[in-house]
Amino acid sequence: MFRNSVFIVLFFVIIFGTYQASYPSQTPDDLYYDGFWMVKALDHLKKIAKKPHPTGSINNRKVRRYLSAELSRLGGHVTIQKTQGYNAKIRKAAPVNNVVAVFKGQHAEDKERKKLMLLSHYDSAKPYSHGAADAGSGVVVVLEALRGFLKQQPKHENDIMVVFTDGEELGLLGAHAFVEQHHLSDKIGLILNFEARGSSGPAIMWPESATGTAAMIDIYQQAQAEFPVTSSLIYEAYKLLPNDTDLTVFKEEKSINGLNFAFIDNHFNYHTVNDDLRHISYNSMMHQGLQLSALLPVVANIDLRNSYTDIDRVYFTLPGLGLINWPSYSSWLLLAVAWLLFIWVMMHAKKTGSLSLLALKTASGSWFYSSLLGAGLVYTLTQILFTWLKPQHNDILQGYPYLAYAYLLAFLLLALIVPFVIYGNRHNQPDDPTPAFVVALPAAVVWLVVFTLLTLKLPGASYLLLPVIFALVLLRLMQSFEKSAISLSVLFAAAGLLVVSLLLTLLPVALGLKSTWIMALLLSCCVAMFSPMIASHRKQFSWLLLLFPLAMFTWVSSIDHISEDKPLPTSLSYLYDVDGQQGWFYSFDQTHNDWNGERFTQPQNQDNRHAFINQHKQAVKKLQKAAEVVALEAAKISVVRDKLNSNPSKQNIVYQGHAKTDLVQIYSLNNITIQQLSINGRYLINGDPINISAGSRLIEYHLDGQKQLDIHITLADGDVIDWQVISHQFDLLHHKGLAIPVRPTNQIPKPFVLTDNTVISQRFQIETPKTDNKHSETEGTNDSAP
C-alpha cells in the first residue's frame with residue numbers, strides 16, 4: 001500500500017506539475033527580457049484598462065487616441081479606419097474605428113512581398129468590463145514587444161502592420177470591416193493574434209490555417225519560444241466549437257494563415273467587471289510577451305509566402321522538451337505501429353497459451369469497475385456540487401467556479417486512486433493466476449480502439465496513441481521478462497502520463513468543471529494500461545485512500561462562499577411592451593439572491609416564459625409582470641415616402657431612439673427575402689439575396705452615440721415589413737421610476753447576457769403605400785395604433 005501511495009503522489013505531481021511548469025511563474029513587474037520590459041507593458045495597461053471602453057464610448061475614443069500616439073511614437077504610419085462593421089453570420093453591425101499602423105521594412109517597395117500583421121482588439125465587453133485581459137493584455141504585449149524588436153532590429157525585411165480592431169466584442173465587427181473594406185487586407189502574409197478568455201494561465205498557441213499547418217509550426221519551432229503550450233488536438237477541437245477570433249475572419253474571407261495566442265484560466269473574470277488590473281496575471285502577460293519576442297525576429301525577416309503549405313502537422317508540447325511534431329501523414333505510421341504491437345502481443349499470447357478467457361474476463365471487469373467508479377464518482381460529485389452544495393455556481397456562465405482548481409485537484413486525486421484501489425485488490429495477489437500483461441490488456445485495447453477512431457476523424461489527435469504504444473511495448477516485455485518489465489512499468493507509465501497530462505488539466509478549464517468526468521475516465525484508463533506497476537494491498541485498508549480526495553472536496557466546498565472577492569454574477573432587466581402596455585421584470589439568474597429576488601416572488605411558468613421569449617427575443621430564466629407598470633417612451637420609427645419610388649417592397653425607414661439607446665434589435669415576424677439593405681449610407685446586403693425566416697433576427701445594430709438610423713431596404717416583390725423592434729438602454733439602475741437598489745458588493749453584473757437595461761419592445765408594420773404625387777413623411781404603424 002505504501003508503494004501505491006508513492007506512485008499516486010508521483011503521478012499526481014506529473015499531471016498537475018506539467019501544467020504548472022508550462023508558463024512563467026512569479027513574474028515581477030520590473031522584469032526585463034530580450035527587449036520586453038514588463039513595467040512598460042503594465043504602464044500601457046494601466047492607461048488602457050483604467051475604465052470600461054466598449055465600442056462607441058468616450059473611453060473607447062480615449063484609448064484609441066492613446067494607442068495612435070504610442071504607435072506613432074514607435075515610428076509607425078498610423079491611420080484610423082472609421083467605418084461600419086457587419087457580421088453577416090449573426091447579422092450584427094456597428095460603427096467601428098480600427099487603429100492601423102504600418103512600419104516599413106527593407107522590401108517596402110516590393111509589391112509581391114507580403115506584410116506581417118500583429119493583431120489584437122482594443123474594445124472591452126459591454127458594458128462593465130475594463131478589458132485588462134480581454135484584450136488589453138494583447139494590445140500592450142504587441143506595443144512592448146514591437147518596441148523592443150524595433151530597437152534591436154530597426155532594419156527588418158517585411159513591413160509590419162499593427163491592427164487593433166474595434167467592435168470585436170460585438171461580433172468581430174472590426175475584423176470584418178478591415179477584411180472587406182481596407183486596401184491593405186490583400187497584402188497580409190501572416191497574422192499573429194493575441195487574445196484572452198480569462199485572466200491567467202499559460203498562453204496557448206493554436207494556428208488557424210486556410211491550407212495546412214506545417215509551415216506555421218516550422219516557423220514557431222524556429223523561433224524557439226520559451227514555455228510553448230500547444231497541441232494539434234486543441235486546434236482540432238477549436239475547429240469544431242463555435243468560438244471564433246478576429247483571425248478567423250481573415251482566414252475565412254481572405255485565406256490568410258496565422259497563429260493565435262490566448263490564456264484561458266480564471267475565466268470567471270471573462271467579460272466581467274473583474275477583468276481589470278487587479279485580477280490579471282503578470283505571468284500570463286509575460287508568457288505572451290515571450291512568445292511574440294521570440295517570433296518577431298523570425299517572421300519579420302522571412303518571405304511570408306513560404307508560410308503556406310498543404311501539409312498538416314501533428315504536434316504537442318512538454319515542459320523542458322518543447323515542441324514535438326511530425327507530418328500528419330506520419331499518423332498512419334503511428335497507427336500501424338500501435339496495431340502491429342497489439343497483434344504481436346496477441347500472437348505471442350496465443351503461441352504460449354497465456355491468454356485464457358477467464359483471465360481476460362477478470363481483467364476486463366477490473367477496467368470496467370475502475371473506469372465506472374472513477375468517472376462516476378467525479379460526475380456525481382460535480383452534480384452534487386452544482387445542484388445541492390453550491391447551486392449558485394450555475395450562475396457563473398463560464399462554467400468554472402472560483403475554487404475550481406481546488407475541486408479539480410480533488411477530482412484528479414480521486415481518478416488516480418480508484419484504479420490503484422481496484423487493481424491492487426483484484427490482481428497481483430500471491431494466489432492470482434492472471435498473467436501481468438493480461439491485467440493491462442483490456443484498458444490498452446479500449447484506448448487503442450478509441451484513439452484509432454479519433455485519429456481517423458481528427459488526425460491532430462494521433463499523438464495520443466503514444467501512451468498505448470508505450471503500454472503495448474511494456475506488455476510485450478512482460479510476456480518475455482515479466483519481473484524485469486514490472487519493475488520498469490512505472491517509467492512507462494510516467495512517459496504515458498506526461499503525454500496526456502497537459503490535456504487532463506486544460507480540458508476542465510476549457511470546457512468547464514462539469515466536463516471533469518471525461519478527464520477522470522481518460523486518467524483511469526491511462527493508469528489501467530500500466531496496472532502491473534500497482535502493488536497488491538489489503539482490501540480493508542485500501543479503500544481508506546478514497547477518503548483523502550473526498551475530504552479535500554468536502555473542505556473546499558466548506559470554504560467556497562460568495563464574497564466580494566468571489567462575487568455572484570446576477571442580472572435584471574425591465575421590458576416595456578408598447579403594444580400590450582405591460583411591464584416585465586426578467587433575469588437570467590438560476591438561483592435566488594437578495595438583490596433581485598423580490599422582483600420574482602410570483603414568477604411566470606415555463607409556457608409563459610417561452611411565449612415571452614418568442615415575442616420579445618430576450619434570454620430569460622425568471623420572469624414576472626411588474627406590479628406597477630412604468631411606461632417607457634417608444635422609439636420613433638418613420639417611413640419616408642418618395643413619389644419617385646412606387647415599389648412597395650423598397651422602403652426608407654428612419655429609426656430614432658432615445659439619447660441613452662445603445663442598441664436596437666429588429667426581428668422579422670414574417671418570411672422575407674432581403675435584396676438590399678443599407679444603414680446610414682453603407683450597404684450591409686448588396687448582392688445575393690438573404691432569406692429571413694419568421695421570428696429571426698434581421699439586424700442587431702449598436703448605435704454607439706448615434707441619434708438615428710437611416711435604413712434603406714429592398715425586399716422581394718410581394719414581401720411586406722412586419723417587425724418586432726427592441727431598443728435597449730443600460731440605465732436600469734439609474735431609472736428613477738423603477739427605483740432599483742444598488743447591487744450588493746458581493747455581486748457583479750452577469751456576463752454574456754444583456755443586463756441592467758431597460759428595454760422597449762414595439763411592433764412596426766408598413767401598409768401598402770397609397771399613390772401620392774407629393775414627397776411626404778408618414779409614421780409606420782404599430783399593431784395597436786395606426
Side-chain angles (χ1 to χ4, degrees), residues 126-129 268-269 271-274 383-403 513-514 557-577 580 582-613 615-632 726 728-761:
K126 285 188 174 182
Y128 298 110
S129 172
F268 39 73
N269 294 325
H271 281 196
T272 73
V273 68
N274 283 340
Q383 294 305 307
I384 290 173
L385 179 67
F386 281 86
T387 304
W388 292 310
L389 295 179
K390 305 295 173 184
Q392 65 268 25
H393 287 344
N394 293 292
D395 281 314
I396 302 177
L397 299 185
Q398 299 93 325
Y400 200 72
Y402 292 105
L403 296 182
L513 198 63
K514 289 183 179 180
S557 63
S558 70
I559 64 171
D560 185 8
H561 302 297
I562 293 299
S563 64
E564 290 189 19
D565 291 330
K566 299 187 287 289
L568 176 70
T570 57
S571 64
L572 182 64
S573 302
Y574 174 79
L575 181 142
Y576 178 65
D577 180 357
Q582 292 180 322
W584 299 88
F585 284 104
Y586 64 92
S587 170
F588 203 74
D589 298 348
Q590 298 190 50
T591 54
H592 175 82
N593 64 81
D594 295 335
W595 176 59
N596 63 27
E598 65 180 27
R599 307 288 171 180
F600 304 106
T601 54
Q602 296 178 327
Q604 299 290 303
N605 59 34
Q606 185 173 352
D607 290 340
N608 289 342
R609 289 202 310 271
H610 286 168
F612 179 90
I613 293 170
Q615 181 178 358
H616 302 296
K617 318 302 181 186
Q618 303 306 302
V620 172
K621 292 290 185 181
K622 295 179 179 178
L623 175 69
Q624 182 170 311
K625 283 186 179 180
E628 297 181 4
V629 176
V630 176
L632 304 178
I726 303 163
H728 295 258
Q729 300 76 221
F730 292 100
D731 63 348
L732 177 73
L733 303 186
H734 306 287
H735 196 286
K736 294 181 180 180
L738 295 170
I740 306 297
V742 175
R743 182 182 271 107
T745 56
N746 64 349
Q747 297 181 22
I748 57 173
K750 190 184 295 292
F752 307 117
V753 294
L754 298 174
T755 183
D756 296 14
N757 54 329
T758 57
V759 186
I760 302 163
S761 180

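No hydrogens, no waters, no symmetry mates; every other heavy atom, side chains included, goes into these values. Computed from a predicted model, the values in this text were never measured in an experiment.
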### Query
Is a donor on one side and an acceptor on the other found under 3.5 Å between the side chain of Tyr402 and the backbone of Pro567?
yes
For Thr591 and Gln392, which I'm curious about, is there any donor-acceptor pair between the side chains at under 3.5 Å? no
In this structure, NZ of Lys621 is separated from CZ of Phe600 (nearest 0.5 Å) by 13.5 Å
Minimal heavy-atom distance between Gln624 and Thr601, with the atoms involved, is OE1-N, 2.9 Å
Output a table of donor-acceptor pairs, distance under 3.5 Å, between side-chain atoms of residues 737-744 and any protein atom two or more places apart or on a different chain; print 'none' if there are none.
residue : atom : partner : partner atom : Å
Arg743  : NE   : Thr570  : OG1          : 3.0
Arg743  : NH1  : Asp756  : OD2          : 3.0
Arg743  : NH2  : Thr570  : O            : 3.3
Arg743  : NH2  : Asp756  : OD1          : 2.8

Taken in chain and number order and not counting sequence neighbours, the residues that satisfy salt bridge (Lys or Arg N to Asp or Glu O under 4.0 Å) with Asp395 are Lys750
Residues Ser587 and Ser571: closest non-hydrogen pair is OG-O, 2.8 Å
| request: I would like to know whether Tyr586 and His616 meet side chain to side chain contact (heavy atoms under 4.5 Å, CB included); could you show each step before the answer? | output: CA-CA 11 Å; Tyr586 64 92; His616 302 296; over 6 Å; no
One should read off an interatomic distance between Leu389 CG and Asp560 CG, to the nearest 0.5 angstrom, of 9.5 Å
query: Passes side chain to side chain contact (heavy atoms under 4.5 Å, CB included), Thr758 versus Tyr576? Steps please.
result: CA-CA 8 Å; Thr758 57; Tyr576 178 65; over 6 Å; no
State, yes or no, whether a side-chain contact exists between His734 and Gln729 at a heavy-atom distance under 4.5 Å. no
Residues passing the side-chain contact (heavy atoms from CB on, under 4.5 Å) test with Thr387, sequence neighbours excluded, are Gln383
Smallest heavy-atom separation, Ser558 atom then His561 atom, equals O-NE2, 2.7 Å
ask   = Are Ser761 and Asp577 linked by a side-chain donor-acceptor pair shorter than 3.5 Å?
value = no
Shortest non-hydrogen pair, Thr272 vs Gln398, comes out as CG2-NE2, 3.9 Å
Flag side-chain contact, heavy atom, 4.5 Å: Tyr574 against His735
no
In this structure, CG of Leu623 is separated from CD1 of Ile613 (nearest 0.5 Å) by 8.5 Å
Between the CD1 atom in Ile726 and the CD atom in Gln615, the distance rounded to the nearest 0.5 Å is 9.0 Å
- Query: Relative to Phe730, does Lys126 satisfy both conditions: NZ or CZ under 6.0 angstrom from the six-membered ring centre, and within 45 degrees of the ring's axis?
  - Reply: no
| message | Does any part of the side chain of Phe386, heavy atoms only, come nearer than 4.5 Å to the side chain of Leu513, both counted from C-beta? | response | yes
Output for pair (Leu572 CG, Thr755 OG1), nearest 0.5 Å, gives 6.5 Å
Between the OG atom in Ser563 and the CG atom in Leu568, the distance rounded to the nearest 0.5 Å is 11.0 Å
Could you tell me how the ring of Tyr400 sits relative to the ring of Phe268: parallel (under 30°), tilted (30 to 60°) or perpendicular (over 60°)?
-> parallel
Paired with Ser573, the side-chain contact (heavy atoms from CB on, under 4.5 Å) test is passed by just one of Asn757, Leu732, Val620, namely Asn757
Are more than 12 heavy atoms, taken from residues, nucleotides or ligands other than Asn608, located less than 6.0 Å from that residue's CG atom? yes
Correct closest heavy-atom pair for Asn746 and Ile562 would be O-CG2, 3.4 Å
Between Asn394 and Lys514, do the side chains contain a donor N or O and an acceptor N or O under 3.5 Å apart?
yes
Tightest non-hydrogen contact, residues Lys622 and Asp589, listed as CE-O, 3.5 Å
Next on the checklist: Could you go through Phe612 and Leu575, starting from their C-alpha distance and side-chain angles, then the distance that decides it, and tell me whether this counts as side chain to side chain contact (heavy atoms under 4.5 Å, CB included)?
Outcome noted: CA-CA 10 Å; Phe612 179 90; Leu575 181 142; 4.0 Å; yes
